[in-house]
Amino acid sequence: MNRTRVLRVAIDTPLRHLFDYWEPTSAGRHAAQVGVRVQVPFGRRRVVGIVAGIAAEPAIAAAKVRAASAVLDADPLFDTPTFEMLLWAARYYHHPIGEVLAAALPVALRRGAALDEIAASWRITASGQSEGLAATAKRAKRQHELLARLLNEGPASAHSLTPWREAVRELAKRGWIELVEQPRVAAPARPVQVANGPALNPDQQAALAAIEATLGTFAVHVAFGVTGSGKTEVYLRAIETVIARGAQALVLVPEIGLTPQLLTRFRERFNVELAVLHSGLNDGERFSAWRAARSGAARIVIGTRSAVLAPLAQLGLIVVDEEHDASYRQQEGFRYSARDLAVTRAQRLGIPVVLGSATPSLETLANVDQNRYRLLRLPTRTGSAQPPVQRVIDLRAHASEQGLAAPTLVAIGKHLGRHAQVLVFLNRRGYAPALFCTSCGWMAPCRHCDSRMTVHLASGRLRCHHCGAEEDIPVVCGSCNGPVKPVGQGTQRVEETLARMFPAAPIVRLDRDAIRRKGEMESAFERVISGEARLLVGTQMLTKGHHFPDVTLVVVLDADQGLFSADFRAAERLAQTITQVAGRAGRAERAGEVLIQTEFPHHALLTQLIEHGYEGFARSAIEERRQAGWPPFSRLALLRAEAGQMSDAEHFLAGARRAAGRLPKDIELLGPAPAAMPRKANRYRAQLLVESSSRSALQNFLDGWIPRIDELQRAKVRWSIEIDPAEVF
Ligand code: ADP
Ligand code: ZN
Ligand code: ZN
């Protein structure tokens with residue numbers, strides 16, 4: 001007798017286990033296998049799950065096992081190495097497997113759409129050749145270009161024509177192009193035909209040779225070089241070799257780094273299909289890009305964080321650009337580091353990964369020290385000379401005008417007078433960080449958070465930057481009815497001050513209030529690069545991507561925010577920010593100047609950074625971490641709880657602590673303690689930090705502990721665990 005098999009199914013729920021179902025009995029369209037989707041009854045609903053295992057016997061009483069309704073796929077959704085990486089990630093990050101797999105799937109597939117639903121491409125029709133080409137030649141340039149391309153190169157996938165949407169619609173309406181079903185492509189349809197790049201300088205050649213020598217084996221390369229040192233050029237050359245050999249390349253970029261310029265650079269260089277995966281896509285676009293990655297039709301996949309979870313059957317190289325960037329961490333739900341998963345993925349596949357940065361994370365540099373990662377230095381900006389001169393301005397020693405010290409103002413005037421551009425960095429948006437009562441010292445608080453309201457003068461509102469609460473700016477103090485005034489500086493106030501002091505210099509401000517859409521950032525950058533704007537004021541947004549060759553002076557308005565934080569990563573972030581901002585500026589003919597304003601000019605971190613650069617800073621910061629036993633010299637996990645009352649959150653964590661029982665000798669628990677901002681959006685937050693000197697000891701402990709936390713009484717409490725947390729206070 002044929003026994004029915006048991007499918008172990010991952011379902012998108014917060015439960016940390018698989019669910020058993022009998023294989024569908026009626027002969028369906030497809031046979032069940034690991035990695036395919038199945039439709040199953042779940043409570044009263046019918047849901048889509050993924051078969052993660054197949055067993056002969058159920059893990060629960062056979063009478064309770066229900067039958068799956070249908071198998072939805074002929075083939076597994078993920079190639080085996082990708083699927084195994086996802087299963088591994090669920091274990092390592094201690095996150096429910098169903099949610100991990102759901103995070104890796106486009107919405108359409110989670111809902112049960114057929115994988116082949118829109119495998120279509122556009123081709124030119126007979127009338128398109130006889131009439132269309134001539135008819136569009138004069139009056140519709142873009143339509144004409146597309147017709148000519150389809151004629152010369154053959155059909156193009158609907159997905160690859162996303163930038164041509166308008167033209168496609170018009171041409172289809174006239175019957176000059178038509179949709180044809182396209183079988184899945186396994187190999188590049190067209191030759192790579194690479195446009196030539198510039199001749200590489202010796203450092204680039206050495207870096208490229210090192211990467212190419214490891215194709216087909218696991219290796220981690222750290223491309224260490226400032227913006228403009230030619231890192232991207234090295235990636236492009238390595239990718240060229242990889243796709244010429246028939247493999248795919250995956251390029252991860254920070255959220256804000258996926259610019260039209262970058263995509264244009266790839267499109268101009270390679271005549272192969274490119275899939276782009278980022279959070280701004282609609283469901284249909286995401287689905288087709290994901291399929292192009294999976295089928296191999298896309299030879300290059302460029303994406304933000306979650307692209308590391310996408311299946312690429314023939315992956316041969318991974319690049320993680322700006323590897324230190326905070327946007328590689330998913331901070332909600334399935335909390336993972338895309339940079340770390342990229343390394344794990346490369347290791348499992350036996351392929352190289354390149355981590356690029358001007359300011360590599362201390363973890364990465366520590367791995368270089370231990371000879372686990374290889375350092376590829378790109379020390380010079382292509383075609384240029386000396387690094388900028390950095391100087392500290394002691395805020396206590398000089399008069400200042402709204403946060404701009406007298407020597408800073410003199411320097412700005414001098415550089416503007418030489419027709420150069422000046423960049424002023426301040427990581428605080430709004431007009432002023434607080435509204436202050438001059439008679440009793442009251443500061444307008446947020447009603448929902450343990451924080452102050454930020455003054456937004458232009459809109460006449462106070463806003464909380466933590467929960468989004470807003471109210472009108474009050475005329476008098478909320479406590480004593482005394483007079484109130486904005487204190488401190490935000491980017492809007494700095495813009496106002498600069499406009500007053502330098503009325504002839506047009507200003508561009510870059511922060512989340514000024515730039516709401518992607519296009520606005522591009523046009524702001526355009527005003528800077530064209531030279532129209534002379535002064536550039538902005539937040540963290542300034543530290544990404546663009547190089548501004550005519551900026552010769554960079555001012556860091558307030559370095560002190562990062563110097564005295566309790567978080568062990570704060571100093572690293574400050575050094576990265578200062579270095580990245582400084583790196584935006586200058587070119588060969590004009591040496592750049594960087595002024596760092598501080599009240600602590602002799603702080604060891606600042607002097608290290610100024611005298612020895614980022615690498616010198618990193619050496620001593622790594623040494624500090626070693627002595628203090630912080631990562632990477634220890635391993636951390638952070639258990640967070642939040643509730644409507646602080647006592648509920650703390651009570652839950654105290655229970656979790658007791659549930660740990662007697663601790664293994666390599667495990668330490670710190671807390672429970674309130675979070676750095678205990679109340680946020682009316683929720684009270686507390687945490688318990690787990691520390692160990694060894695990764696495996698930590699994992700063993702969590703394997704035993706988390707199921708016990710799952711069983712705790714936790715009415716009214718929401719909790720989560722983060723492995724290798726980015727911030728611990
Ligand atoms: P990064 O990625 O480090 O910022 P890029 O690769 O974008 O650097 O290079 C900066 C600029 O210099 C680009 O315009 C690029 O085309 C150019 N470039 C890169 N390498 C060379 C080279 N060897 N010769 C001439 N120009 C180069
Ligand atoms: Zn008052
Ligand atoms: Zn708030």
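Owing to the predicted nature of the structure, the values given are computational and were not obtained by experimental measurement.
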No-hydrogen, no-angle side-chain donor-acceptor test under 3.5 Å, [X] and [Y]:
X: Ser451; Y: Arg679; value: no
X: Glu322; Y: Tyr328; value: no
X: Thr214; Y: His221; value: yes
X: Thr304; Y: His278; value: no

With the threshold set at 4.0 Å, does a side-chain nitrogen-carboxylate oxygen contact exist between Glu572 and Arg625?
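Yes, Glu572 and Arg625 are salt-bridged.
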Where does the angle between the aromatic ring planes of Phe568 and Trp630 fall among parallel (under 30°), tilted (30 to 60°) and perpendicular (over 60°)?
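If you compare the ring of Phe568 with that of Trp630, the planes turn out parallel.
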Do any side-chain atoms of residues 718-729 form donor-acceptor pairs under 3.5 angstrom with protein atoms, and if so which ones, sequence neighbours left out?
residue	atom	partner	partner atom	Å
Glu722	OE1	Arg640	NH1	2.8
Glu722	OE1	Arg640	NH2	3.3
Asp724	OD1	Tyr92	OH	3.4
Asp724	OD2	Tyr92	OH	2.7

Name the atoms and distances for all side-chain donor-acceptor pairs under 3.5 Å in residues 365-375, with sequence neighbours left out.
residue	atom	partner	partner atom	Å
Asn367	OD1	Arg372	NE	2.8
Asn367	OD1	Arg372	NH2	3.1
Asn367	ND2	Glu363	O	3.3
Asp369	OD1	Arg619	NH1	3.2
Asp369	OD2	Arg619	NH1	3.3
Gln370	OE1	Arg372	NH2	2.7

Checking [X] now: which residues fulfil ring-ring contact (aromatic ring centres under 6.0 Å, His included) with it, not counting sequence neighbours?
X: Tyr235; result: none
X: Tyr21; result: none
X: His466; result: none

Could you list the donor-acceptor pairs under 3.5 angstrom formed between side-chain atoms of residues 78-88 and any protein atom two or more places apart in sequence or on another chain?
residue	atom	partner	partner atom	Å
Asp79	OD1	Thr82	OG1	2.7
Asp79	OD2	Thr82	N	3.1
Asp79	OD2	Thr82	OG1	2.8
Thr82	OG1	Arg345	NH2	3.1

Kindly indicate, with the supporting measurements, whether the criterion side-chain hydrogen bond (donor to acceptor under 3.5 Å, both in side chains) is fulfilled by Asp511 and Thr491.
CA-CA 8 Å; Asp511 58 35; Thr491 44; 2.6 Å; yes
Heavy-atom closest contact (Gly333 atom, His95 atom, distance)
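Looking at all heavy atoms of both residues, the shortest contact is O-CE1, 3.1 Å.
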